[in-house]
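Within every chain, numbering begins at 1; the chains are lettered A, B, ... in the order of the sequence lines, protein sequences first and strands thereafter.
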Amino acid sequence: MSTVEIELELPDGTRMRVPEGTTSLEVAERIGPGLARQAVAGQLDGAWVDLRAPLWRGGALRLITTRDPEAGQVIRHSAEHVMADAVKRLWPETQIDVGRTDHSEKFQYDFDIPVRITPQDLEAIEAEMRRIVEQGELFVREVVSADEARRLFESKGEPLKVSRLGDIPAGEEITLFRHGSFVDLCRGPHVQNTAQIGAFKLTELAGSYWRADESNQMLQRISGVAFASEKELAAYHKRIEEAQRRDHRRLGVELDLFQFHEWSPGSVFYLPKGFALHQRLVDYVRGLYRKYGYQEVMCPQIFSTELFKVSGHYELFKDDMFLMRGDEREEIALKPMNCPAHALIFRSRKRSYRELPMRLAEFTQLHRNERSGTLLGLTRARSFSQDDAHIFCEPDQVQSEIDRFFEMTREIYRDLGLSALEVYVSTRGSEFIGEPADWERAERLLFESVERAGFDYRHKPGEAAFYAPKVEFDFHDALGRAWTLGTIQIDMAMPGRFGLRYVGADGQEHEPAMLHRAILGSLERFIAIYLEHTAGDLPLWLAPQQVSVLPVTERHEEFGRKVLDVLQVAGVRAELDNRNEKLGYRVRGAETQKIPYILVVGDREQSDGTVSVRRRHRKGQQMVGVDEFRRQIEEEIMTRGIS
RNA sequence: GCCCACGUAGCUCAGUCGGUAGAGCGCAUCCUUGGUAAGGAUGAGGUCGGCGGUUCAAAUCCGCCCGUGGGCUCCA
């Protein structure tokens, strides 16, 4: 036992001196037997430490017990091992690849199993897992040398694992975790024993490519969820149900917004209400284009592929383009993006620095032949439109253009009530066009701008487009999947490929800088995410139908029409519901259609010239004069109140 | 494109062992004129995703195709 001591600070502020090499489990035991029993892992200065790992330095130590929300991550990680153990017990020739690194939601392992796993097999695996959990097998942590680890997995006939072992840099500590007869290469941390896995469920069966490369063999991926208790598992199922209620595909049907048909997979049919939403968004962005100095253009849908040969898309994007034969031998493509066409506009005549920055915006439809397996409702479509624009400017204007773009981005996301965004700066990968020095300058510019804008961002090295480093704004759908909406990219290729030039103040020709940018991104994807974000309760200014006027009986219909007329003349999207149904029925209909305002007109309203106003999500009704209501709603629409 | 699952009325779904289909909602008509989340009656609607196979007989079993969903890969 070392005589060197380290000092630990516990969450309650007390300090404890223990010999170097003490494990956090031993610390837990010193604090109390209850804590030691319930502990699943430790966190030293916020970083996970396995309970059985010796502590070599002091710091703030927190012991995570089954009662802490963070325990779920450890429990899922351990359930992952139990699942692999169960699969190996059922099919001993199975090779196990690796599990998940992120256990915040679920766990998974990729397997090379000699048989095709079926959903029935999942039940068998669960039953086996249950046995292992009930046995309360102890997790054991073991530090080994690379050679020992290699010999172990070679002897177990696991070449996949031996290959993974090769990825660990020399000199890094290699740890194994065992429970019962199962052993896997693993960093941990793990629970003390399998009995701490309170509840679990295998949820998905899928394929995945070995090392995420589709030229490699496909493994079978089994995923599941695990929690400290059955109660938490039940809560999880409830969350999933809630998410399904928010699914934009479901809301699209329920609210009569859009539909799909198998004869045009990946392309949406906007129904009147869905198109109204689309149009309101476009109107809104158009208004901001005036404010921020953009000019809107409309370019052709189809082009000779010559255009995309110049832009470089033909070479790198061909598989994603819809190609057709023209009259002659000419090959035609539906445009997958607007940038090459905008480059043609720019170079259609000699440009002066006085015209810059030139900001060309376009909303027209784009078509990309996405692989069938990637389509997903409106979030991944083959036909979509973007609030797309390209900015041509002098190189020393790039900085201020990016700043201005971020300003506009903030304004839009604020107006829409979207705050839960993630910002990423993606930098150069292995394939790129241009000079590394230029890339570095562009990347530095992006980093500086994002910081100046005050965005909390993360870096994605190697994730840039081949022609541009970019900033992305990601949002999550109801099931937690991240989708990029806004983006800005500094183009390193297009100005050169199209030979773009402008005459500067010095009378010389220069190459302009080119920025690609979008804020909502694809309108289709935006609508999907936004519907899921709002659960279909669109803010008044975007709601396809803002008001439903309900005459109590037929005798109030005429007055109802007058009210309707006042609103429609004012530009309010109102409808009269004079169906031969009771009032309660029609109120219910308006509520399930998530219409923001219900106006009831009966005898009282008719004689007073008022309407009885029922605002969605607010209790009770108010009698208001017709003109007064019109003023109120106009005001609320104009200020884009987010309810 | 790859792996797994699913596809029955406009929507949500039932349909046992193979014997050519049901419910609720919605829709239509009629009755009802009803004051803030479902009034009543009657009725119409289906080549059971498509094509082939097995069988006396297929929504049901098998094969292929299409579409949708969960993942992989890819991306707005």
To the nearest Å, give me how far apart [atom1] ([X]) and [atom2] ([N]) are.
X: A:Glu214; N: B:C75; atom1: CD; atom2: P; result: 11 Å
X: A:Ile598; N: B:G35; atom1: CD1; atom2: C1'; result: 13 Å
X: A:Leu205; N: B:G69; atom1: CG; atom2: P; result: 19 Å
X: A:Asp97; N: B:C3; atom1: CG; atom2: P; result: 18 Å
X: A:Asp474; N: B:C75; atom1: CG; atom2: P; result: 14 Å
X: A:Trp210; N: B:G71; atom1: CH2; atom2: P; result: 23 Å
X: A:Asp112; N: B:C3; atom1: CG; atom2: P; result: 15 Å
X: A:Arg371; N: B:U73; atom1: CZ; atom2: P; result: 11 Å

Task: Note: A:Asp256-A:Lys273 ion pair, threshold 4.0 Å (strictly below) - done: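 No, A:Asp256 and A:Lys273 are not salt-bridged.
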
- [ ] Name the residue closer to the 5' end of RNA chain B, choosing between A:Glu204 and A:Val600 according to the nucleotide with the nearest heavy atom.
- [x]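 Per heavy-atom nearest nucleotide, the more 5' residue is A:Val600.
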
- [ ] Please figure out whether A:Ile117 or A:Glu605 has its closest RNA chain B nucleotide nearer the 5' end.
- [x]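 Upstream on the strand: A:Ile117.
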
Quote, to the nearest angstrom, the [atom1] distance that separates [N] from [M].
N: B:U8; M: B:G46; atom1: P; result: 15 Å
N: B:A9; M: B:G22; atom1: P; result: 14 Å
N: B:G7; M: B:G15; atom1: C1'; result: 15 Å
N: B:C13; M: B:C3; atom1: C1'; result: 28 Å
N: B:A76; M: B:C4; atom1: P; result: 29 Å
N: B:U68; M: B:G49; atom1: C1'; result: 10 Å
N: B:C31; M: B:U36; atom1: P; result: 25 Å

Of the candidate nucleotides [options], which contains the atom at the shortest distance from the side chain of [X]?
X: A:Ser372; options: B:G1, B:C27, B:G35; answer: B:G1
X: A:Arg604; options: B:G35, B:G34, B:G70; answer: B:G35
X: A:Glu581; options: B:C4, B:G39, B:U73; answer: B:G39
X: A:Arg221; options: B:A76, B:G35, B:C72; answer: B:C72
X: A:Ala206; options: B:G70, B:U36, B:U68; answer: B:G70
X: A:Gln621; options: B:C31, B:U36, B:G70; answer: B:U36
X: A:Arg614; options: B:G1, B:U36, B:C75; answer: B:U36
X: A:Pro265; options: B:U73, B:C72, B:U68; answer: B:U68
X: A:Gln489; options: B:A76, B:G39, B:G1; answer: B:A76
X: A:Leu376; options: B:G35, B:G70, B:C74; answer: B:G70

Open item on the list: If you take the centroid of each ring, where Trp contributes its six-membered ring, are A:Tyr236 and A:Phe227 closer together than 6.0 Å?
Closed with: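 Yes - the distance between ring centres of A:Phe227 and A:Tyr236 falls below the 6.0 Å cut-off.
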
Just N and O in the side chain of [X]: are any of them under 4.0 Å from OP1 or OP2 of [N]?
X: A:Arg249; N: B:G70; answer: yes
X: A:Lys470; N: B:A76; answer: yes
X: A:Arg481; N: B:G71; answer: yes
X: A:Tyr597; N: B:U36; answer: no

Taking any heavy-atom pair under 4.0 Å as a contact, classify [X]: base, sugar-phosphate, or nothing.
X: A:Asp388; result: nothing
X: A:Arg586; result: nothing
X: A:Ala212; result: sugar-phosphate
X: A:Leu375; result: sugar-phosphate

Tell me the partner of [N], counting only Watson-Crick (N1-N3 plus N6-O4 or O6-N4) or G-U wobble (N1-O2 and O6-N3) with both under 3.5 Å; none if nothing fits.
N: B:U73; answer: none
N: B:A57; answer: none
N: B:G63; answer: B:C51
N: B:C17; answer: none

Task: By side-chain contact (heavy atoms from CB on, under 4.5 Å) - contacts of A:Phe322 (at least two apart) - done: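 Only A:Leu334, A:His367, A:Asn369, A:Arg382 meet the side-chain contact (heavy atoms from CB on, under 4.5 Å) criterion with A:Phe322.
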
Task: Face-to-face contact A:Tyr585 to B:A37 six-ring, under 5.5 Å, under 30° - done: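 So A:Tyr585 does not count as stacking on the base.
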
Should the pair [X] and [Y] be assigned to parallel (<30°), tilted (30 to 60°) or perpendicular (>60°) ring geometry?
X: A:Phe473; Y: A:Tyr413; value: perpendicular
X: A:Phe111; Y: A:Tyr109; value: tilted
X: A:His81; Y: A:His77; value: perpendicular

Open item on the list: Give me syn or anti for B:G43, where syn covers glycosidic angles within 90 degrees of 0.
Closed with: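 Because its glycosidic torsion lies more than 90° from 0, B:G43 adopts the anti conformation.
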
Task: Minimum heavy-atom distance A:His459-A:Pro461, with the two atoms named - done: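 That would be O-CD, 3.4 Å.
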
Open item on the list: To check you understand the geometry: which heavy-atom pair defines the closest contact between A:Asp603 and A:Arg555, and what is its length?
Closed with: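 What the structure gives for the nearest pair is OD2-NH2, 3.0 Å.
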
Open item on the list: Quick one, A:His516 with A:Thr487, criterion side-chain hydrogen bond (donor to acceptor under 3.5 Å, both in side chains). Give me CA distance, side-chain angles, the key distance, then yes/no.
Closed with: CA-CA 8 Å; A:His516 305 238; A:Thr487 179; over 6 Å; no

